[in-house]
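A short worksheet on the structure shown next.
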Amino acid sequence: MTEIPKTYDPKEAEQSHYARWESEGYFAPEINKDPDAPVFSIVIPPPNVTGSLHMGHALQHTMMDVMTRHKRMCGYRTLWLPGMDHAGISTQLVVSRELKKEKLTRHDLGREKFVERVWQWKAESGGQITKQIRREGASVDWSRERFTMDEGLSRAVREVFVRLYEEGHLYRGARIVNWCPTDQTVLSDLEVEKTPQSGQLYYLQYPLKDNSHHLTVATTRPETMLGDTAVAVHPNDERFQSLVGQTVLLPLTGREIPVIADEYVDPEFGTGAVKITPAHDANDWEMGVRHGLPQVFVIDQNARMTTDAGPEFEGLDRYKAREKVIEKFQELGLLEKVDEYEFSISKCERCKTVVEPLISTQWFVRMDEMRDLALDLKREEGKPRFVPESYEKVYTNWLENLRDWTISRQLWWGHQIPAWYDEEGNVYVARDEAEACAKAGTDKLTQDQDVLDTWFSSALWPFSTLGWPELTEDLRTFYPTTVLVTARDIIFLWVSRMVMEGLKFTGKEPFQDVFVTGTVLDKHGQRMSKTKNNGIDPLEVFDKYGVDATRLALASIGSTDTRWNDKQVESYRNFANKIWNAARFCMMNAESAESSVNAFDGDRANLPLHDRWILSRLNKTARDVNAALEKYDFHEAVQTLYHFFWDDFCDWYIELTKANVTAEEPSAERTIARARLIWVLEQSLRLLHPFMPYLTEELWQRLPVKHGELLHAAYTRAAPTIMLAGYPQPDAELIDERAESEMRAVIDLVSRVRNIRSEMNIKPGDRVPVLIGAADDRLRTAFTENTDQIARLARASAVSIGAQLEAPRASARAALAGGAELAVPLEGLIDFEQERARLQKDIDKLQAEATKLTAQLANPQFVDRAPAEKVAEARERIADITARISVLTETIEAFK
RNA sequence: GCCCGCUUGGCUCAGUGGUAGAGCACUCGCUUCACACGCGAGGGGUCAAUGGUUCGAAUCCAUUAGCGGGCACCA
C-alpha cells in the first residue's frame, strides 16, 4: 500500500473512469432496475454547435451533474439528456467566414452545397463540444444525445408550425422588422442589442406649402427624411394647433406631406414636432398605420438608398446619404442647428452591424394565447418555481408585455419553413411537400426559402428530445422534467418560450423548477466575453487544478455573480489532495480490516466518545448536505462537506484513532478501529462523489471493502461503482448532542493546552504535564476516558484529572467552559509577566461578553419579552463566563 | 423613466432577527511516522450611510450614496 503517491494526480483518474462509466451504461436511466423508482430528469441547455464551452457552461454543467449524480445515488431513475443547438445565424456566419478564406461566398456554392458544408463543419465542432462535456465528468446519457436539426426534432418543429398555423396563431405579412444588412436577415427583438452611442441631433426646417411658416423637426437620422410622409405634433400642443391639417413641402423631394396630431409625440422633446418615416422606424410605422400614411421606401436591404430616395441619393450608403442630406439642408438654409446627443443604437447581437428597421414580409407568431397559458400557470400554481425567487418577477413582467414573435429568418442553415406557394402565390402550410401538394391540388409548388428562428426549435427542446409528437415511453417517463438549470440571460429567449410551447403542445409545464446560476466574472468584475478576450478556458483550469477541484469552486458559486479567482480553485485542489492523503493513511493501515458492511454495528451506546461523535457529525453532514441540495444551495453543501472532511474527520477523528489504528501489534481493538476509519472514509467519499466524481471513484475502488454490497438497491446487478452506491441518508438516532458537546470539551481542552504551549514558547518536541480540574462528573468522565488521546494530541507527558485543580503556582492556566480548569506546570520556564498578559487577554475577551450579557439581563424588557429559552441561555452563559473570569482573576492575583 | 441585485476583515465570498464566519493573504512556531497542496498557534471587521420597527438589527422596513444587471424610451 505504500506505493500510493503522496500527491494526488487528477489526470490519471480523469482518464480512466469516464470511459468505463459510459460504457457500463451507468449514465442511462435503464441502469436502474427498480420499477417503482422515482424519476429525476433534466435536459441540458443545448450549447451552440459553433462555440467551445466556456466557464458558464462548466458552471451550469457542474450544477446539473451534482444534482443528477445525487439523485442517481438516492435511487432515482435519472436522465440527463445532452445535445446541441444548430444556432442558425452564428453557425452560418462561422462557415461563411471559413468560405471567405477560400475566396468564396455561400452564393457561389448554392444552398444545397452550403448546407452540406455546414453539416461537415458541425460534425467537427460538435465533436469538440462532446469531448469537453465528457471531460467535465458530466453524467449525461449519450445514447439519447440530440441535435436540434435531427430528423425527430425537425419533425416536431414542422408539427408545431402546422398546428400553430391551423389554429390561427401564425401569420405572414409585411411589418416593420429589425433587419441586419450584413447578415441579410430579419432579427427578433431579443436578438437586437442596444448600445449607448454619442451622436448628433439635427434640427431640420420643413417649410409649409404656403411658405407662411416652417416647422422644425429633430432627428438623429436625417437620411430618413427622404421617406417622410408626415410631420406629427401632440394634439394638445398649443404651439402647433393651427398647423395640424396643413401641408408641408418636404425639402429635397418636393413631396407634400400632412401635419398630423398624435398622442405618441412628446411635446417636451426636441421641438415638439416629429418627422414620420413609416417605412424606416418602428414607432413611425405604427403611427403610419393609425393615420393611413403611405410608406416610402428609401433604404434597401443592403442599407443603401433606393430609387425612391431620388436620383441624387440612389445607391448611396445610408451614412453617406446622411452627410449629403445635411449638406443640402445647409445649402438651402434649412439646417437650424446640430446638437451633440447621447442615444442608444440597435445592433445585431451577432455581427454588431447597426440594424435597419425595414418593412418586410415575414412569418410571425401571435403569442397571446400561449402567453396567457404561461401567466395563468404562474398565477394559479406558481409554476415554474424560480430559484432564486427574484427571477419570477422578471419572468412575469416580460410575459405581460410580450409582443408577436418574428420567426422567419433569411438564412440557409436551419429548419426551412414548411410552407409552400403555388404559382398564384397561395400558401399551403403542411408537414411535408406531399401533404402540401395534396392541399394545393398541384405539385407545382415552391417551398418558402426562409428558415425558422433557432429559438423556435429550442423552445420545444424539453419534449421534442423525448420523442414528441409521438407519445413515447421516454416522454411519458421523463416529461415534465424536474428542473432547468440556466444562466439568466436566456430567461426570455428560451425559458419563457419553453414554458409557453410546452403548455400549448403537451398541456404540461416543461419543468417544475428553474435554477438560475450566477455569472462567472473576470477579476475586475467584468463579464467574460470573446470580444473583451477576458474569458478563462475551463480546460486550462482543469489541466492546472483538476476537474474535481474546479467543480467544487464552480459549485460554491451558486447563484450569485462571482469574480473568478484561481486561488479558490487552488484551495479546492488542496482539499482534493487532503482527501487523497487521508485515504492514503487509512489504506496504509488497513491490513486485517476488510470491513464488515457497518463497522459500527452493535451496541452504539457503548462506543467510545470519538466514535459516537464522528457518527453524529457524519449523520448531521448527510442531513445538511441532502437538505442543501434539495434547495439548490450548492455553496452550503460544499462548505458542509469541506469542513466535515477536513476539520472533523482529518483534524480530529483520524488523530483520535491514530494510536489504535497504527498499533504495531494486531489486536481486536486495532482491527475495529481500522474498520471504522475506513467505514467513515467510505461514507465520506459517497457524500463527496456528486461534486468530485473522479477522485472519489479512484479512491473508492481501492478501498478494502465489499464494493458490491454498497450499491443502492436499485442497482444491485451493476458492476460496482461509487456512482451507484447509496447516498448516505441521515439517521436521527445517530445524531448525539451529548457526544458532540463532550467532544467539544475535549477539543477545547487540547486547543487550550496547545495555545499555552505556543504562547509560552514550549518546543514542539517537549512534553509537559497537564493538570485538569473538573467538578462536573460528566466532563471529568469524558476527560478521563480520553486521557491517552489528550496526552497524544496535546503532547503531554502526563495528564492528571481531579475534581479540583491542584497545580503549582508557577503554572500557565486556562479556564474552560463548563467550569473546568487546566494548568501546565512550568517551573523555571514561566515568565510571569507574559503569563499575566496572556491571562488578561482571556479575561478581557470574557469580560466584554459578560458586559453585554449583564446589560441584556438587566433590561426588564428583554427578560419579559424575549423567548424564555433565550433568557435561560443568556443566564447560563453569564454564569459560566463569570466563573471563568473569577478563576483567571484569582490566578493573576496569585502571581503578584 | 421603471424593475432587480450587490455593498461584511487586505482579496474572493458565506451568513438573513439573539455571542461576526470561511478560503486565500498576513504573523509566529514546526521535516510531530497521511498530507509543506501540510501541521499547530495567532492578529485582523463600528457588517456602505442615515433614520425607523423590535427587548434585541449585519439580518426586517424606509431613505441616500456607490457599483452591477435587466426592461422601456430615445424625433
Side-chain angles (χ1 to χ4, degrees), chain A residues 4 6-8 194 196 201-204 217-221 224 231-232 264-266 269-277 281 283-284 341-345 388 390-391 393-394 397-398 401 488-489 491-492 519 521 523 525-527 545 549 553 556-558 560-568 570-589 635-636 638-639 642-643 650-651 654-655 658 662 750-751 754-759 761-765 792-793 795 848-849 852-853 856 859-867 869-871 873-874 877 881:
Chain A
I4 303 174
K6 279 188 175 188
T7 307
Y8 170 53
K194 313 273 178 142
L201 189 60
Y202 302 89
Y203 289 76
L204 309 179
V217 296
T219 180
T220 54
R221 302 200 57 197
T224 61
V231 172
Y264 158 77
V265 180
D266 175 4
F269 190 90
T271 62
V274 193
K275 60 187 276 306
I276 301 299
T277 323
D281 181 277
N283 290 308
D284 292 6
Y341 184 58
E342 278 284 327
F343 60 107
S344 59
I345 198 159
S390 54
Y391 290 107
K393 209 168 162 186
V394 178
N397 284 353
W398 185 79
N401 298 306
R488 66 166 157 271
D489 50 353
I491 291 179
F492 306 144
T519 309
L521 307 169
K523 64 181 170 192
Q526 300 282 314
R527 281 186 84 91
Y545 299 107
S556 332
I557 287 175
T560 42
D561 295 355
T562 301
R563 295 167 194 224
W564 184 258
N565 185 352
D566 263 16
K567 286 282 176 194
Q568 198 68 46
E570 193 181 307
S571 86
Y572 288 121
R573 189 272 317 263
N574 296 351
F575 180 52
N577 196 54
K578 186 75 180 175
I579 297 169
W580 176 261
N581 276 290
R584 183 164 162 264
F585 171 77
C586 297
M587 289 189 275
M588 274 161 52
N589 297 288
H635 179 92
E636 171 73 16
V638 170
Q639 293 311 305
Y642 183 95
H643 291 292
C650 293
D651 286 354
I654 289 183
E655 296 303 330
K658 202 173 244 178
T662 60
V750 170
S751 302
R754 286 171 173 173
N755 172 264
I756 288 170
R757 296 181 58 109
S758 181
E759 302 262 319
N761 299 316
I762 296 166
K763 289 202 187 79
R792 183 184 168 86
L793 297 181
R795 310 205 121 230
E849 206 189 333
K852 255 195 216 168
L853 284 167
Q856 205 170 27
N859 179 355
Q861 306 270 40
F862 171 71
V863 181
D864 288 351
R865 299 198 194 176
E869 162 208 333
K870 294 288 173 194
V871 178
E873 207 180 286
R877 257 177 31 220
I881 290 169

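In what follows, chains are A, B, ... by sequence order, proteins preceding strands, each numbered from 1.
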Considering every strand and a 4.0 Å limit on heavy-atom distances, what is the contact class for [X]: base, sugar-phosphate, or nothing?
X         : answer
Pro860(A) : nothing
Thr219(A) : sugar-phosphate
Leu201(A) : sugar-phosphate
Asp284(A) : nothing
Tyr391(A) : nothing
Val265(A) : base
Lys194(A) : base
Thr220(A) : sugar-phosphate

Just the atom pairs and distances: protein N or O near nucleotides 2-5 of chain B's N or O, under 3.5 Å.
unit_1, atom_1, unit_2, atom_2, d
C3(B), O3', Lys393(A), NZ, 3.3
C4(B), OP1, Lys393(A), NZ, 3.1

Think Tyr264(A) has a side-chain N or O under 4.0 angstrom from the OP1 or OP2 of C74(B)?
-> yes
Base versus backbone protein contacts along nucleotides 9-14 of chain B [heavy-atom cut-off under 4.0 Å; B, S, -] = ---SSS
Summarise how protein sits on nucleotides 29-45 of chain B as a single string, 5' to 3': B when a protein heavy atom is under 4.0 Å from the base, S for sugar-phosphate-only contact, - for no contact.
-> -S-S-BB-BSSBSSS--
Salt bridge Lys275(A)-Asp281(A), side-chain N to carboxylate O under 4.0 Å | no
Can you tell me the pairing partner of G23(B) across any strand shown, Watson-Crick or G-U wobble, with both distances under 3.5 angstrom?
-> C11(B)
Rounded to whole Å, CD of Glu873(A) lies from P of G18(B) at a distance of 11 Å
Taking the same atom, P, in U32(B) and in C39(B), what whole-Å distance lies between them?
-> 13 Å
Starting at the 5' end of RNA chain B, which residue's closest nucleotide do you reach first, Lys870(A) or Gly270(A)?
-> Lys870(A)
Could you check Asp281(A) against His643(A) and say which one's nearest nucleotide on RNA chain B is further toward the 5' end?
-> His643(A)
For Phe585(A), is the NZ or CZ atom of Lys658(A) found under 6.0 angstrom from the centre of its six-membered ring and inside 45 degrees of the ring axis?
-> yes
Is it true that a side-chain atom of Asn581(A) and a backbone atom of Asn577(A) form a donor plus acceptor pair closer than 3.5 Å?
-> yes
